Number of protein chains: 2
Amino acid sequence: MTTAKGTGKGGSRRSAASGRRVRIATWNINSVRIRLEPLGRFVREWKPDILCLQETKVVDPDFPLDAVRSLGFAHHAVRGQKSYNGVAIFSRLPLASPAFEDWCDKGDCRHLSVELPGGVELHNFYVPAGGDIPDPDANPKFDHKLRFVDQMRDWFARRRDSRPRILLGDLNIAPLETDVWSHKQLLKVVSHTPVEVEKLGRMMEAHDWVDAVREVIPPEEKLYSWWSYRSPDWDMADKGRRLDHIWVTPGLKGAIRGAEVARAVRGFEMASDHAPVLVDLELPA
Amino acid sequence: MTTAKGTGKGGSRRSAASGRRVRIATWNINSVRIRLEPLGRFVREWKPDILCLQETKVVDPDFPLDAVRSLGFAHHAVRGQKSYNGVAIFSRLPLASPAFEDWCDKGDCRHLSVELPGGVELHNFYVPAGGDIPDPDANPKFDHKLRFVDQMRDWFARRRDSRPRILLGDLNIAPLETDVWSHKQLLKVVSHTPVEVEKLGRMMEAHDWVDAVREVIPPEEKLYSWWSYRSPDWDMADKGRRLDHIWVTPGLKGAIRGAEVARAVRGFEMASDHAPVLVDLELPA
DNA sequence: GGCCGATCCG
DNA sequence: CGGATCGGCC
């Protein structure tokens, strides 16, 4: 528990409102096959009801479905490719209407959406990292990233309606100054450059997205979800970035009951370089 | 303990003769860096005084010297290269005059010799495996193997003197019918072809070598030191081959006190595909 | 620093 | 099957 309104590691779930209390987690797992042990440990200890993964790095026929299913997820949707990217959604609640878009027409598996009970649309994203050089002319990966975010903005702008939606995943952008260990030193580092942050802001505005995690954990507070493998002593040095996000549409803002970055997971044996991010929502019944 | 005259896993060392009782082990460890745990376990349980390794697969500056030294070996000589081959000798007794030959002038690290107290010369070899096709014209690796053994024969033939010597290592040839799980099925399989077996025999004759292990374990008995990784259930199937050997010059024949293949080591976690081979010798004081 | 796949080698 | 290396990617 890191916040007053935290999600509570396996805590009680008393509900003050009328809906159904649901814990949603997003985690860039950096290869699901090699990470089954820490995944099991995370699920057993944090007990998410819905688990969204990125960078599964496995084609669908090779996905370790049984292992993940046996953690208590009766429902799932997966969408993977060889070597890179790959997204998946596991759920204790029924999932409907799995769908995806091929952003930038590259054939990448970077998006997967499902419908939750109560008509809530959930979108799981893995936004391109963008390479090293923050110049779209010199670096096609950065160009790809910017176009990807623009397309997301347009796509959701065209769907401004009253439908409750959740957008989450590894967006590979840390928007706030408190989302990085040093705003000044990262201004020219891909993930925190002004052009990326601005485009992410436009995307949020285009659909009135609410940053659910920052509704709970004040924007003044430092908060990270990723620490490089290259940093030895990542915990002490704490040179992190908040690249993983959970957003909700305005109608769900009042449903937020807690949020947390499961930082301890970054310290597990065989850890991913990302920590899971969680929110508790009181979903419409 | 597998034989009446076995070496005794950590047993007592009462000496009937005047010399110094020394336990010598040879093991193709198939990467020393990845095998430090089974190596430690083997050394703690079998307590060899001299440990000869092959296929260490590491250049000298990267050799995990401290880890192996801390198992009780105050003296050592190593000779490694990148990726392939590599030999090493560790010892509780002082080692003198490290030396080597570049057999077949390929720059391979396949040989290392030292002098033990009492003037005994110890030669640690990693003979080329020889590829798949047992035809020196069609397969340059097989040609290399045959020339390597020929050069060993000539080299030791030129040194027929009264000096006590030990030759050991992964010779990659199983000479006896009882050294393979099926003599008939392996006659055309590299490691047991007549041409290899004959060349190994000539090498033995050229220096009057005595097969120390077979002095203890009768040649009629099946005995293997290697089981392929590809065979699942290697222990049950037992499709092994005796590729690892310990030979001594005639003057040391009477010094042999025991011999053993540490087959259990092949069943360790993270096992090499070879098991260590050991002899106990009563070395001249 | 670490994961993936490809390639070489036993 | 399982070492080692290398280049791509993060």
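Chain identifiers are assigned alphabetically (A, B, ...) following the order of the sequence lines, protein sequences preceding nucleic acid strands; residue numbering begins at 1 within each chain. All values derive from a computational prediction rather than experimental measurement.
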Spacing of [X] atom [atom1] relative to [N] atom [atom2], expressed in whole Å:
X: B/Gln81; N: D/dA4; atom1: CD; atom2: C1'; value: 12 Å
X: A/His144; N: D/dC9; atom1: NE2; atom2: C1'; value: 13 Å
X: A/Phe148; N: D/dC10; atom1: CZ; atom2: C1'; value: 16 Å
X: B/Ile133; N: C/dC9; atom1: CD1; atom2: C1'; value: 14 Å
X: B/His274; N: D/dC1; atom1: NE2; atom2: C1'; value: 13 Å
X: B/Glu55; N: D/dG3; atom1: CD; atom2: C1'; value: 8 Å

Using modelled atom types and a 3.5 Å cut-off, is there a donor and acceptor pairing between side-chain atoms of [X] and backbone atoms of [Y]?
X: B/Lys82; Y: B/Lys57; value: no
X: B/Asp179; Y: B/Arg242; value: no
X: A/Arg35; Y: A/Thr56; value: no

OP1, OP2 of D/dC9 versus side-chain N and O of A/Lys141: anything below 4.0 Å?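 Yes, such a contact exists.
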From [options], pick the nucleotide closest to the side chain of [X]?
X: B/Arg110; options: C/dG10, D/dC10, D/dG8; answer: C/dG10
X: B/Tyr229; options: C/dG10, D/dG2, C/dG5; answer: D/dG2
X: B/Ser83; options: C/dG10, C/dC3, D/dT5; answer: D/dT5

Annotated structure of DNA chain C as dot-bracket, pair cut-off 3.5 Å, Watson-Crick or G-U only, | for inter-strand, is |||||||||.
Does A/Arg35 get its side chain close enough to the base of C/dC3, under 3.5 Å, for a donor-acceptor pair?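 In this structure, the two groups form no donor-acceptor pair.
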Picking from A/Phe125, A/Tyr126, A/Phe148, A/Phe100, what satisfies ring pair (Phe, Tyr, Trp, His ring centres under 6.0 Å) with A/His111?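 Result for ring pair (Phe, Tyr, Trp, His ring centres under 6.0 Å) with A/His111: A/Phe125.
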